[in-house]
> 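Quick one: the structure is below, and I'll ask about it shortly.
In each ligand, atom 1 is the first atom listed, and ligand 1 is the first ligand listed.
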Amino acid sequence: MPSTLPPPLSSPESKRSGEARVISVASGKGGVGKTVIATNLALDLAQRGLSVVLVDLDVGGPDVHTMLGEYSPTSTLADFISRRVHSIDDVAYDLLSYRGLRFVPGCGQTLATANMSYATKKKIIQKLRRIDADSIVIDVGAGTGFHALDFFLMADQQVGVATGDPSSVLDLHRFLKLAAMRCVTAAFKAGDPFSKALRIFDPGSIHEIYRIAEDFGCKDGAVKALAGYRPMLLLNRVGNESRTASYQLRRLLENFFGRKIDLLGMIPEDEEVRRSVHSHLPLLAAGTVCPAADEMRSFGGAMLDRLESRS
Ligand SMILES: Nc1ncnc2c1ncn2[C@@H]1O[C@H](COP(=O)(O)OP(=O)(O)OP(=O)(O)O)[C@@H](O)[C@H]1O
Ligand SMILES: [Mg+2]
């Protein structure tokens, strides 16, 4: 695999301070391009001089390794969860062809790893934050299961991906809404009356959640829980017909959140992406010049701005 990376813009060590910042990439629907986006984002940040760890947290359906051409990783996250290795650093190995990038392969082939407790998920994210790196990019699995919602929410920067298909738009809207509910219920004890009421409630907006919380006398707790929930959007496989879907998605989300949701980019449908997946060489590693690569770089730049403004 060729090493075509440009030199880093600055020394990674010079930027590192405190814990690594975590970025999650998720979607309601499968196959929208999460793995393509997470992998290329991690590469882009590494190419800009950051020290990055790409983590496959698509529990049960890990596929980042194939995107990278790492067909049979010798150790995975499962080795950390089942305590076969002491530290998560032991499964974060250097990708020799990609300077500045390390990789933690995913898991989910055993009942224990496919059904992690909330505490285990929290521990994984805490340990990842303590890795000596600037940024951790996590590829979260598809769907609205607790694993996907929790890993998405535990990140500092949360990116929801949809394509321009109407069904994908609705799926992402549902995902982000359920994530809001999970964010609040996770902050209360399982038996708490408010948490129980919220589990069977289908709110039309964040303000409805606050209203219910007020009825139970715990509005402050709900507001505090949702304070760190600032999802952003990325549209992928965009074509001319995606304009309406993009508008609808933003309107749906604005109605729910009561504020604008940042759109970090619109990556076009591009044959080069499909080609890169089939050659197991990420687009930005191959140095391919194409519209999708341009837009992925601009997404990386937008993310870097956010990482820097919050550090
Ligand atoms: N911008 C794009 N242009 C063309 N094809 C794309 C683009 N983005 C993704 N694809 C195609 O979509 C396929 C699915 O992408 P990817 O595996 O990243 O989706 P995913 O959301 O991670 O799927 P899963 O939910 O199954 O993990 C890729 O193999 C690629 O062929
Ligand atoms: Mg994937």
> Could you tell me which residues satisfy ring pair (Phe, Tyr, Trp, His ring centres under 6.0 Å) with Phe151, sequence neighbours excluded, listed by chain and number?
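If we apply the ring pair (Phe, Tyr, Trp, His ring centres under 6.0 Å) test to Phe151, skipping adjacent residues, there are no hits.
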> List ligand 1 atoms under 4.0 Å from Gly31, heavy atoms only on the residue side.
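Reading through ligand 1 atom by atom, the close ones are 14 (C), 19 (O), 20 (P), 21 (O), 23 (O), 24 (P), 25 (O), 26 (O).
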> For ligand 1, is any non-hydrogen atom under 4.0 Å from Val161's backbone (N, CA, C, O), its side chain (CB onward), both, or neither?
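Neither; nothing of Val161 gets under 4.0 Å from ligand 1.
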> Which of the atoms of ligand 1 are close to Arg274, meaning less than 4.0 Å from one of its heavy atoms?
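Atoms satisfying the 4.0 Å criterion: 31 (O).
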> Does an N or O anywhere in Val32 fall below 3.5 Å from an N or O of ligand 1?
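Yes.
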> Using the side chain to side chain contact (heavy atoms under 4.5 Å, CB included) rule, take Tyr118 and Met154 through it: C-alpha gap first, then chi angles, then the decisive distance, then the call.
CA-CA 11 Å; Tyr118 187 75; Met154 287 173 189; 3.6 Å; yes
> Of all the atoms in ligand 1, which lie at a distance below 4.0 Å from a heavy atom belonging to Ala142?
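Result: 25 (O).
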> Please determine if Val36 has a nitrogen or oxygen closer than 3.5 Å to a nitrogen or oxygen of ligand 1.
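Such a contact does occur with ligand 1.
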> Which residue owns the protein heavy atom closest to atom 30 (C) of ligand 1, what's the atom, and how far is it?
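It is Val277 CG2, 4.0 Å.
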> Is it the case that ligand 1 has an N or O less than 3.5 angstrom from some N or O of Arg237?
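Among all N and O atoms of Arg237, at least one is under 3.5 Å from an N or O of ligand 1.
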> Numbering the atoms of ligand 1 from 1, which are under 4.0 Å from a heavy atom of Asp58?
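Reading through ligand 1 atom by atom, the close ones are 27 (O).
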> Between Asp270 and ligand 1, does any nitrogen or oxygen pair lie at a separation below 3.5 Å?
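Looking only at distances, the answer is yes, because the N/O contact criterion of under 3.5 Å is met.
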> Is ligand 1 less than 4.0 angstrom away from at least one heavy atom of Ala292?
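For ligand 1, residue contact (heavy atoms, under 4.0 Å) with Ala292 is absent.
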> Tell me the closest heavy-atom pair linking Asp132 and Ser51, and the distance in Å.
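It is O-OG, 3.8 Å.
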> So is Ile37 polar-close to ligand 1, meaning N/O to N/O under 3.5 Å?
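Min N/O separation from ligand 1 is not below 3.5 Å for Ile37.
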> Measure from NZ or CZ of Arg182 to the centre of the six-membered ring of Phe146, then state whether that distance is under 6.0 Å and the direction lies within 45° of the axis.
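Flagged: Arg182 positioned over aromatic ring of Phe146.
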> Kindly report the OD2-the Mg ion (ligand 2)-OG1 angle for Asp63 and Thr35 respectively, rounded to 10°.
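For OD2 of Asp63 and OG1 of Thr35, the angle centred on the Mg ion (ligand 2) reads 100°.
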> How far is atom 16 (P) of ligand 1 from its nearest protein heavy atom, and which residue and atom is that?
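Its nearest protein heavy-atom neighbour is Gly33 CA, 3.6 Å.
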> Give me the nearest non-hydrogen protein atom to atom 8 (N) of ligand 1 as residue plus atom name, then the distance to 0.1 Å.
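The closest one turns out to be Asn236 ND2, 2.9 Å.
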> Tell me which protein heavy atom sits closest to atom 7 (C) of ligand 1, plus the residue, atom name and distance to 0.1 Å.
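Of the protein heavy atoms, Val273 CG1, 3.4 Å lies nearest.
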> According to the interplanar angle, ranging from 0 to 90°, do the rings of Phe194 and Phe216 count as parallel (below 30°), tilted (30 to 60°) or perpendicular (above 60°)?
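Aromatic pair Phe194/Phe216 classed tilted.
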> With heavy-atom distances below 4.0 Å as the criterion, list the atoms of ligand 1 near Gly30.
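Selected atoms, number and element: 25 (O).
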> In terms of the angle between their ring planes, are Phe152 and Tyr229 parallel, tilted or perpendicular, with boundaries placed at 30° and 60°?
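Judged by the thresholds at 30° and 60°, the geometry between Phe152 and Tyr229 is perpendicular.
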> How many angstroms lie between atom CZ of Arg230 and atom CD of Gln157, to the nearest 0.5 angstrom?
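Result: 11.0 Å between the selected atoms.
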> Could you tell me whether Arg83 atom CZ has more than 12 heavy atoms of other residues or ligands within 6.0 Å of it?
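It does not: Arg83 CZ has 12 such atoms or fewer within range.
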> May I have the step-by-step check of side chain to side chain contact (heavy atoms under 4.5 Å, CB included) for Lys127 and Phe80, ending in yes or no?
CA-CA 10 Å; Lys127 298 281 179 189; Phe80 171 72; 3.7 Å; yes
> For atom 22 (O) of ligand 1, what is the nearest protein heavy atom, given as residue, atom name and distance?
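It is Thr35 OG1, 2.8 Å.
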> Can you tell me if Ser27 and Lys34 form a side-chain donor-acceptor pair at under 3.5 Å?
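Checked: Ser27/Lys34 side chains pair up, N/O donor to acceptor below 3.5 Å.
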> Does atom CZ of Arg84 have more than 12 heavy-atom neighbours from other groups under 6.0 Å away?
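Yes - once you tally the heavy atoms of other residues, nucleotides and ligands closer than 6.0 Å, there are more than 12.
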> Are any of the side-chain nitrogens in Asp44 or Arg48 under 4.0 Å away from the carboxylate oxygens of its partner?
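So Asp44 pairs with Arg48 through a salt bridge.
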> Decide whether Asp139 and Thr35 meet the rule of one side-chain donor and one side-chain acceptor closer than 3.5 Å.
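Yes, a side-chain donor-acceptor pair sits under 3.5 Å.
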> In terms of residue, atom name and distance, what is the protein heavy atom nearest to atom 20 (P) of ligand 1?
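Looking only at protein heavy atoms, the one closest to atom 20 (P) of ligand 1 is Lys34 N, 3.5 Å.
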> Under 3.5 Å between any N/O of Asp63 and any N/O of ligand 1: does that happen in this structure?
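Yes; at least one N/O pair falls below 3.5 Å.
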> Among the heavy atoms of Pro268, does any lie under 4.0 Å from an atom of ligand 1?
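It does; at least one heavy atom falls under 4.0 Å.
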